[in-house]
Amino acid sequence: MLKNRIRINLLILLVILTSILTGCSKKVDPKNLDFLGNETGKVPIEYANLFEITEYDSGYALLSIDKIEQTVLIVPEDKEIPKDCPKELMVVEKPLDKIYVVSTGAMDFFVKADALDKVKFASLNEEDWYIDEAKEALKDGSISYAGKYSMPDYELLRDKECDLILENSMITHTPEVLNELKNLDFPVIVEVASYEDEPLGRMEWIKLIGYLTDQEDKAKEAFEKQKEKVLSIKAASDDNKPTAIIFSITSAGTVSVRKSDDYMVKMLELAGAKNGLFKVEEGTGSTTIQQEAFYDEAINADYLIYNSSIEGEIDSIESLEEKFPLIKNTKAYKEGHITCLKGNTYQSVMSTGDLIFDLSRMFQGEPDLEYLYWL
Amino acid sequence: MKKNRTLSIYIVLLMAVILLLFLNICVGSVKVPFSEAIMSLVGKNKDTSFYDIVMLIRFPRAVGAIVLGGGLSLAGFALQSFFHNPIAGPYLLGISSGAKLTVALLFVFAANMVPSAAYGAKIICAFLGAFLAMGFVLLCSKKINNMAMLLVCGIMIGYICSAVTDFVVTFAKEADIVNLHNWTKGSLSGLTWMDDLVLSVIILVASFGLLALSKPLSAYAMGENYAKSVGVNIKRFRVMLVIISSLLAATVTAFAGPVSFVGIAVPHIVRGLTKSTKPIVLIPACFIGGGAFCLLCDFVARVILSPVELSISTVTAFFGAPVVIYILIQRRKRA
């Protein structure tokens, strides 16, 4: 029954995403791509499953993004757009140095790939950034605020000749915006890194940013650094692993938790714990469940981690008790094992390795943590 | 004969409340054995999670559903009588929009300043907004004698509040918009015994206040001139009625967010069942009927996609609208 519902939900999501994004890039007939020549190889990807970059002897490359079936032709600096390029194919022309980063999670990729100078527009104002470099760039004017995903400043983007718009899946909620961007001939790439089921896969999207901005080495270096950190964690044997649950209480009083295949659940596993929610939906992303369903499993979890990304940070255990009085009866509460993720984590995607390392330290009872704090 | 019918309807409605209360307590996303639920109800097995689920999650929520449903239904009844308008509901006077505006202001501008008191602040803000909107309606009622025009004033205040809310949301962060969106869907989740105590005191006092206005309401139903001729102080009566209905609707909005359709649907259903127009008969019946209706809707909201929960307004509208259409068609046929 649950599996059927998940299948139906996934099917609906797929239909919506596909139908919306046909406005962005229709499925391209491979016969119409003869101008690409012969395939010479793919950009090496280890963990990410949702994108790939294929290179051709003509110098062109094709970016394919799963989930939304987007195909993008990447034109190198010394090449023109091929005359026989199908109209339905989204085209991105290098060099890209007037990029509008709508996806807040992607800004960290640019910072860590040393490509922030390629970004000229952002979807958040200075005060809303947790990433210092982005904050500073907004302050000194090297990056301009160009409206949020649902209300981009089309005139500013056209006037300043924006050459790439990097969206995330939020854009699927406003298909009219995507259509308008297409009508105005803006190249749009929709990153779906948050749908990756591996935390390392999510971080590996930095390689796409590196490829687009010709900072591949820096991007690879940043990724390898995080990978090493994660792989250095030595987890306990399965029997001794603690159970942990990431959750938050919504403004409607329900409980938001991560689905069983979500990257945050995988982060717990990489940090040496087991997901404490056994009856939660399969898939990635979050879902809301009833308080009693949450309580039934949370009561025995060794650790409870409050996710501040949507509902905001919790300043004390008393605040959590006010939101959810039954927290007092949980094992984690009695043992003082409740923490809160700091608000900056959702923007600092390339610190995911550090966060996993922090989680592993948390499971060892370390008092001072960098990305979390004890309640 | 009519007294017997009324009594029968009261008994049926009360039995429905008891049955649905029991159902709401015993059934949910966690399978609690029937024997464990009963043990919990009689105060045994206090150390088990079943006890917590039954006595600290389901029971206070179900009691809240009864009282909030009763309150909303009475607010609708009072406004329909007052405006002589079958579609008048608690939200036509801008009460819900006022509450939504102040809660939006809290989420967008102040949530970070008052995180520890966010839950309490949400309730206080919703009350404040509802009463501000109501205050404007009362101010208008001093200048406007025509009921239809006063109703239009309420609708306009609602529009103004919605416009300001949209303006505020334009500058909000995505997380704040999500929070506001979740709240506006309405939910009875998280109600505690303390919440029940507070909301019950307010709603029961307001409900008895409305019951005390039964006679003037009855006279007013015959026309404003007739009510004046039998000694009803129309000005004071109007102010009292607006305050009571606003208080009822504001309390519900503060504790459960905006819950749609109960205020419109239940009075129609109850009128159809009792075949009475007397406020003294309809007021208690509306309260009990509203409680039963909300219990049923909350049960469906919790169980149908368990462990995911539907918003209560989705279910109330889904069940309420067809029933009202049916009753209106039946009434039209009879006429």
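These numbers were taken from a predicted model, which means no experiment stands behind them. Lettering follows sequence order; numbering is per chain, from 1.
- Within the 4.5 angstrom heavy-atom criterion, only backbone atoms of A:S309 (N, CA, C, O) approach chain B.
- Chain B forms more heavy-atom pairs under 4.5 Å with one residue of A:A252, A:P325, A:S251 than with any other, namely A:S251.
- Among A:T250, A:N329, A:N125, the residue with the largest count of heavy-atom pairs under 4.5 Å with chain B is A:N329.
- A:T254 and B:E309 are not linked by any side-chain donor-acceptor pair at a separation below 3.5 angstrom, with hydrogens and angles left out of the test.
- Residues A:S316 and A:S319 have side chains that bring a donor and an acceptor to within less than 3.5 angstrom of each other.
- For B:R61, no part lies near chain A; criterion is any non-hydrogen pair under 4.5 Å.
- If you check the side chains of B:T48 and B:E36, you find no donor sitting under 3.5 Å from an acceptor.
- Heavy-atom distances place no part of A:F294 under 4.5 Å from chain B, backbone and side chain included.
- Side-chain contact of A:T172 with A:S169: a donor-acceptor pair under 3.5 Å is absent, judged by distance alone.
- Using a 3.5 Å distance cut-off with no hydrogens or angles, the side chains of A:D261 and A:T284 do not pair a donor with an acceptor.
- A side-chain contact (heavy atoms from CB on, under 4.5 Å) with B:S260 is found for one member of B:S96, B:S311, B:S313 and no other, namely B:S313.
- The choice from A:L326, A:V255, A:I249, A:I299 that makes the most heavy-atom pairs within less than 4.5 Å of chain B is A:L326.
- For the residue pair B:T192 and B:D195, a side-chain donor N or O sits within less than 3.5 Å of a side-chain acceptor on the partner.
- Of the listed residues (B:I53, B:N182, B:N179), the greatest number of heavy-atom pairs within a distance under 4.5 Å of chain A belongs to B:N179.
- Ranked by heavy-atom pairs under 4.5 Å with chain B, the first of A:M170, A:M151, A:K148 is A:K148.
- Residue contact with chain A, scored on non-hydrogen atoms closer than 4.5 Å, is absent for B:T184.
- Heavy-atom distances place no part of B:I312 under 4.5 Å from chain A, backbone and side chain included.
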